[in-house]
Colleague: 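This is the structure, below, for whatever I ask next.
Worth saying up front: this structure is predicted, and the values here are computed from it rather than measured.
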Amino acid sequence: MGKLTVRALRAVLVVVLAGTVFVQALMLWALISGNDPEDGSLPLTPLRVLTILGIGTAQVAMVCVWRLVTMVRRGTVFSHAAFRYVDAIIGSIVAAALVWFAVTALNAPGQRDDPGVTLIMGGVGLAILGVALIVLVLRTLLAQAVARDVEAAEMQAELDEVI
């Protein structure tokens, strides 16, 4: 991974992370202050809480991506230490899907006249779970690469003994 790519990715992560923290702070302020009265059309307090949690799942994933990029730059990504970050990313994606399903369930009573919206939202939740499965497949590829790296190191050690 080139230096420009790493810098660009880190710049994007910093901007998005700062933006999400700002949005979370605004949502938390709206919850605490009670300045935005509900008009009864949507249960805003649970939606705000779910939004704060959903943003938190994205933040966890961004921090883990940052750590993995750091490992790539150091050349240590093909190690067992990388698995905890990949596992955390998978967990945050699954948590995001669960938060989305909660939003869908909260929104469903208001969609009795048009249940297609609820079905579409459920489909989006399934798509989010699909992303978790894709990352799980990538984790398996990482495991294979780590195993091959260990095997290559053992073969190199044997070759050094022979020579």
Colleague: Give me the atom names and distance for the closest heavy-atom approach of Ala97 to Gly125.
Modeller: CB-O, 4.0 Å
Colleague: Does Leu13 share a hydrophobic cluster with Val6, counting links as ILVMFWY side-chain heavy atoms below 4.5 Å and allowing steps through other members?
Modeller: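 Yes.
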Colleague: If you group Ile, Leu, Val, Met, Phe, Trp and Tyr by side-chain heavy-atom gaps below 4.5 Å, do Val69 and Val14 land in one group?
Modeller: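 Same hydrophobic cluster.
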Colleague: Is any side-chain heavy atom of Thr70 less than 4.5 Å from a side-chain heavy atom of Arg73?
Modeller: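 No; the side chains remain at least 4.5 Å from each other.
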Colleague: I need the Asp87 CG to Arg139 CZ distance, nearest 0.5 Å.
Modeller: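 Atom-to-atom, Asp87:CG and Arg139:CZ are 4.0 Å apart.
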Colleague: Compare every heavy atom of Thr57 with every heavy atom of Ala96, then report the nearest pair and how far apart it is.
Modeller: CB-OG1, 3.4 Å
Colleague: Is the closest side-chain donor-acceptor distance between Arg74 and Ser79 under 3.5 Å?
Modeller: no
Colleague: Establish whether Leu126 and Leu119 are linked, either directly or via other cluster members, by ILVMFWY side-chain heavy-atom contacts under 4.5 Å.
Modeller: no
Colleague: Do the side chains of Trp66 and Leu17 get nearer than 4.5 Å, heavy atoms only?
Modeller: no
Colleague: Whether the side chain of Thr140 engages the backbone of Leu136 through a donor-acceptor N/O pair (distance < 3.5 Å, no angle test) should be reported.
Modeller: yes
Colleague: Looking only at heavy atoms, which two atoms of Pro109 and Ala105 are closest? And how far apart?
Modeller: CD-O, 3.3 Å
Colleague: Hey, are the side chains of Leu138 and Leu142 touching, using non-hydrogen atoms and a 4.5 Å cut-off?
Modeller: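 Result no, sub-4.5 Å side-chain heavy-atom pair not found.
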Colleague: Do Val117 and Leu50 share a hydrophobic cluster, counting only Ile, Leu, Val, Met, Phe, Trp and Tyr and linking them when any side-chain heavy atoms are less than 4.5 Å apart?
Modeller: yes
Colleague: Find out whether Val63 and Val60 are in side-chain contact, i.e. whether some heavy atom of one side chain is under 4.5 Å from a heavy atom of the other.
Modeller: no
Colleague: What distance separates Gln144 CD from Glu151 CD, expressed to the nearest 0.5 Å?
Modeller: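 Gln144 CD to Glu151 CD: 11.5 Å, rounded to 0.5 Å.
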Colleague: Decide yes or no for Leu31 and Met27: does some side-chain heavy atom of the first lie under 4.5 Å from some side-chain heavy atom of the second?
Modeller: no
Colleague: Which heavy atom of Val94 sits nearest to which heavy atom of Ala132, and what is that distance?
Modeller: CG2-CB, 3.9 Å
Colleague: Which residue pairs satisfy the ring pair (Phe, Tyr, Trp, His ring centres under 6.0 Å) criterion with at least one member in residues 85-111, sequence neighbours excluded?
Modeller: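 Ring pair (Phe, Tyr, Trp, His ring centres under 6.0 Å) check on residues 85-111 returns no pairs.
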Colleague: Determine whether Arg84 and Arg67 make a side-chain contact, defined as any pair of heavy atoms from C-beta on separated by less than 4.5 Å.
Modeller: no
Colleague: Using a 4.5 Å cut-off on heavy atoms from C-beta on, say whether the side chain of Leu47 contacts that of Val103.
Modeller: yes
Colleague: What's the spacing between Leu159 CG and Glu154 CD if we round to 0.5 Å?
Modeller: 13.5 Å
Colleague: Answer yes if Val21 and Val49 sit in the same cluster of Ile, Leu, Val, Met, Phe, Trp and Tyr residues linked by side chain heavy atoms under 4.5 Å apart, and no otherwise.
Modeller: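 The answer is no; the residues belong to distinct hydrophobic clusters.
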Colleague: Side chains of Thr20 and Met62: does their closest heavy-atom pair fall under 4.5 Å?
Modeller: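 In contact.
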Colleague: Between Thr104 and Gly122, which heavy-atom pair has the shortest distance, and what is it?
Modeller: CG2-N, 4.1 Å
Colleague: What's the spacing between Leu68 CG and Leu9 CG if we round to 0.5 Å?
Modeller: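 Those atoms lie 10.5 Å apart.
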Colleague: Check whether any side-chain N or O of Gln24 sits under 3.5 Å from a backbone N or O of Ile52 as a donor-acceptor pair, and report yes or no.
Modeller: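 Such a contact is found between Gln24 side chain and Ile52 backbone.
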Colleague: Specify the closest pair of heavy atoms between Ala61 and Ile89, including all atoms of both residues, with the distance to one decimal.
Modeller: O-CG1, 4.1 Å
